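Notes for the one structure printed next.
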Amino acid sequence: YVLHGGSDDCTYYYRNTGIERYANAGNFAVICPEMKNSFYSDMQYGLKYFTYLSEELPKIVENLFPISSKREDHYLIGNSMYKWVLRRPDFFTAAAGMSGVAGLDQLGFIERLTSDDPRNNPIRSAMGSPEVYYNGENDLKYLAKKLVDSKVELPRLFSCCGTEDFTYQACKDFIAYTESIGLPIEYKEGPGGHEWDFWDRWMRYIINWFGLGEV
């Protein structure tokens with residue numbers, strides 16, 4: 001499963017990376033869901049995108065195509081998107097986030113939850129108020145701590161970020177937080193910004209790290 005970033009759509013990975021070539025070389029399926037600007041959430045003012053992603057879509061895919069339903073065959077990669085694996089660690093054997101941050105506060109977006117009409121504000125439409133966001137199902141720090149406390153079997157987790165990426169410090173802060181609570185995430189960084197050249201280069205590394213073949 002390959003998850004697009006905010007303001008992108010389900011075609012971006014196919015149009016900007018070599019994911020199709022890598023899948024052919026590794027003989028694995030690639031599923032790129034269309035999630036709009038939902039922040040992969042069951043929106044407070046909108047549709048239930050997380051329910052669609054985590055419950056409906058896998059069943060549709062597995063019924064239509066000869067794709068495994070086993071946890072050990074499920075992998076996740078995306079831009080900044082840890083929510084699915086933190087809420088459903090039982091579904092994935094490994095997951096990787098590129099340029100990933102922990103929350104809205106790290107990007108200066110918290111004030112968006114209290115401003116403007118939600119119809120013109122995708123962040124508020126998805127997350128609701130600060131009271132709904134903090135310690136809720138869209139708060140990644142809360143989800144990470146909850147996962148550690150649950151003592152469930154954890155998937156392998158990976159994170160990478162470009163040293164010139166505007167999310168660089170926020171990404172480092174999230175890794176520091178996960179280390180402090182005992183959630184193991186292998187972290188790498190390298191030259192690059194918030195850009196497709198960086199993500200395509202590291203996608204190849206991650207596919208190898210997943211064990212899906214040398215690409």
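Source: prediction; values computed, not measured.
Inspection of the Ser99 and Asp165 side chains reveals an N or O donor paired with an N or O acceptor under 3.5 Å. Between Asn208 and Tyr22, the side chains place no donor N or O within less than 3.5 Å of an acceptor N or O (distance only, hydrogens not considered). Remark: the Tyr49 side chain and the Asn37 side chain contain no N/O donor-acceptor pair separated by less than 3.5 Å.
Gly128 and Tyr45 get closest at one heavy-atom pair: CA-CE1, 4.5 Å. Annotation for Pro58 and Tyr1: closest pair CA-OH, 3.5 Å, computed over non-hydrogen atoms. The minimum heavy-atom distance between Thr93 and Glu72, with the atom names listed, is CG2-O, 3.5 Å. Across every non-hydrogen atom of Ile206 and Ala96, the tightest pair is CG2-CB, 3.6 Å. When all heavy atoms of Phe39 and Ala126 are compared, the pair lying nearest together is CD1-CB, 3.8 Å. Taking both residues in full, the closest heavy atoms of Tyr142 and Gly136 are given as CD2-O, 3.2 Å, listed atom of the first, atom of the second, then distance.
Expressed to the nearest 0.5 Å, how far CD1 of Ile175 lies from OG1 of Thr178 amounts to 4.5 Å. Atom CG of Leu86 sits about 10.0 Å away from atom CG of Leu154, to the nearest 0.5 Å. A distance of 4.5 Å separates CD1 of Ile77 from CE of Met203, quoted to the nearest 0.5 Å.
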* Asked: Could you go step by step and tell me if Leu3 and Asn79 meet the side-chain contact (heavy atoms from CB on, under 4.5 Å) rule?
  -> CA-CA 7 Å; Leu3 306 185; Asn79 295 107; over 6 Å; no

* To do: Walk me through it: do Tyr82 and Ser159 pass the test side-chain hydrogen bond (donor to acceptor under 3.5 Å, both in side chains)?
  => CA-CA 10 Å; Tyr82 294 106; Ser159 175; 2.9 Å; yes

* Under the side-chain contact (heavy atoms from CB on, under 4.5 Å) criterion, do Ile31 and Leu57 qualify, and how do the steps go? -> CA-CA 10 Å; Ile31 302 158; Leu57 182 61; 4.2 Å; yes

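Considering only heavy atoms from C-beta on, Pro191 comes within 4.5 Å of Glu164 through its side chain. Put simply, the side chain of Phe50 reaches to within 4.5 Å of the side chain of Arg87, judged on heavy atoms. Considering only heavy atoms from C-beta on, Leu157 stays 4.5 Å or farther from Pro184 through its side chain. Side-chain atoms of Tyr187 and Cys171, non-hydrogen and from C-beta on, do get closer than 4.5 Å to each other. With a 4.5 Å cut-off on side-chain heavy atoms, Met127 and Val132 do not count as touching.
When the side-chain contact (heavy atoms from CB on, under 4.5 Å) test is applied to Pro130, the partners found at least two apart in sequence or on another chain are Leu113, Thr114, Tyr134. For Arg21, there are no side-chain contact (heavy atoms from CB on, under 4.5 Å) partners, not counting sequence neighbours. Scanning for side chain to side chain donor-acceptor pair (under 3.5 Å) contacts around Asp90 gives Arg88, with sequence neighbours left out. Legend: residues meeting side chain to side chain donor-acceptor pair (under 3.5 Å) with Ser68, ordered by chain and number and at least two apart, are Asp73. Not counting sequence neighbours, Tyr52 has no partner by the ring pair (Phe, Tyr, Trp, His ring centres under 6.0 Å) test. Ser150 meets the side-chain contact (heavy atoms from CB on, under 4.5 Å) test with Leu147, Val152; sequence neighbours excluded. In this structure, the side-chain contact (heavy atoms from CB on, under 4.5 Å) partners of Val30, at least two apart in sequence or on a different chain, are Val2, Tyr14, Ile19, Ala23, Phe28, Cys32. Applying the side chain to side chain donor-acceptor pair (under 3.5 Å) test to Glu214 and every residue at least two apart in sequence or in another chain returns nothing. In this structure, the side chain to side chain donor-acceptor pair (under 3.5 Å) partners of Tyr168, at least two apart in sequence or on a different chain, are Glu189.
The aromatic ring centroids of His4 and Tyr12 lie 6.0 Å or more from each other.
Relative ring orientation between Trp199 and His194 is described as perpendicular, the plane-to-plane angle rising above 60° on a 0-90° scale split at 30° and 60°.
Screening residues 51-60 for salt bridge (charged side-chain N to carboxylate O under 4.0 Å, His left out), with sequence neighbours left out, gives no hits. Sorted by first then second residue, the ring pair (Phe, Tyr, Trp, His ring centres under 6.0 Å) pairs that include residues 55-76, not counting sequence neighbours, are His74-Phe91, Tyr75-Phe210. The stretch residues 149-158 participates, sequence neighbours left out, in these salt bridge (charged side-chain N to carboxylate O under 4.0 Å, His left out) pairs: Arg71-Glu153, Lys145-Asp149.
By the 4.0 Å N-to-carboxylate-O rule, Glu195 lies too far from Arg201 to be salt-bridged with it.
Of the listed residues (Lys83, Lys48, Lys146), just one forms a salt bridge (charged side-chain N to carboxylate O under 4.0 Å, His left out) with Glu137, and that residue is Lys146.
Figure legend: cation-pi geometry between Lys188 and Phe158 absent, as NZ or CZ is not positioned both under 6.0 Å from the six-membered ring centre and within 45° of its axis.
The neighbour count for Glu20 CD, taken as heavy atoms of other residues, nucleotides or ligands under 6.0 Å away, does not exceed 12.
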